[in-house]
Amino acid sequence: MLIASDVWVAALIRRAELGGASAMVARRGDARAGAVLVKVWNSSERRARVWSEAFGPDGDRLWLQTIESDAESEVDAWIERQAGYDPDLWVVEIEDREGRHFLTEKVG
């Protein structure tokens, strides 16, 4: 059984904060079934990366890096386009000196 999106997002933010990063919800989606994007700003390298939620053949949540750029505005524009396709989309932004995403599921 999958965890509701709002609960999962809260847990991710808590993991990031416990790890010394700054994290926040930049866009709220559907509380139960909204898809999630995780944007990570690596403050030491000044690069942004986005991980997109996907599901494997067994139904388990996994993450794929979808975009990376040193132009944060380019990444933000990409996220806005995705939100235009999916009004239920969540966006979590994490700022970390090491560029950690704090995802515990499989990352590809």
Rounded to the nearest 0.5 angstrom, the CD1-CD distance for I94 and E17 is 9.5 Å
The reported gap from CZ in R49 to CD in Q65 (rounded to nearest 0.5 angstrom) is 6.0 Å
inquiry  = For a 4.5 angstrom cut-off between non-hydrogen side-chain atoms, does N42 reach E98?
reply    = no
Minimal heavy-atom distance between D86 and A35, with the atoms involved, is OD2-CB, 3.9 Å
Would you say L37 ends up clustered with W41 if hydrophobic residues are merged whenever their side chains have heavy atoms under 4.5 Å apart, either directly or through other cluster members?
no
Taken to the nearest 0.5 Å, the spacing of E93 CD from R27 CZ works out to 12.0 Å
Only one of L12, V107, V92 passes side-chain contact (heavy atoms from CB on, under 4.5 Å) with H101, and that residue is V107
Value for CG (L62) from CG (L103), rounded to nearest 0.5 Å, stands at 10.5 Å
Query raised in the report: Counting N and O atoms only, with roles assigned by atom type, does the side chain of D96 sit under 3.5 Å from a partner on the main chain of R100, one being a donor and the other an acceptor?
Result: yes
Donor-acceptor pair, R15 side chain versus F102 backbone, under 3.5 Å? yes
Closest non-hydrogen atoms of G34 and S5, given as atom of the first, atom of the second and distance, are O-OG, 2.6 Å
As a quick check of understanding, evaluate side-chain contact (heavy atoms from CB on, under 4.5 Å) for V9 and V7, giving each step before the final call. CA-CA 5 Å; V9 164; V7 173; over 6 Å; no
For residues T104 and W63, determine if any side-chain heavy atom of one lies less than 4.5 Å from a side-chain heavy atom of the other. no
Quick test of your reading of the model: are D76 and K39 salt-bridged, counting only N-O distances below 4.0 Å? yes
Donor on one side chain, acceptor on other, W8 and E53, under 3.5 Å
no
In this structure, CH2 of W78 is separated from OG of S52 (nearest 0.5 Å) by 5.5 Å
So, are E72 and R47 salt-bridged, with charged N and O less than 4.0 Å apart?
no
Practice item. Flag the pair W51 / L64 as yes when at least one side-chain heavy-atom distance between them is below 4.5 Å, and no otherwise. Key: no
- Flag yes if more than 12 heavy atoms outside R81 fall under 6.0 Å of its CZ atom; otherwise flag no. yes
query: Can you check whether V50's main-chain N or O pairs, donor with acceptor, with T66's side chain at less than 3.5 Å?
result: yes
When every non-hydrogen atom of A23 is compared with those of A16, the smallest separation belongs to CB-CB, 3.7 Å
In short, S69 meets A71 closest at the heavy-atom pair OG-N, 2.9 Å
Within the 4.5 Å heavy-atom criterion, are V91 and V25 side-chain neighbours or not? no
In this structure, CG of L89 is separated from CG of D30 (nearest 0.5 Å) by 11.0 Å
- [ ] Verify side-chain contact (heavy atoms from CB on, under 4.5 Å) between F55 and D60, making sure each step is shown before the conclusion.
- [x] CA-CA 5 Å; F55 293 94; D60 287 344; over 6 Å; no
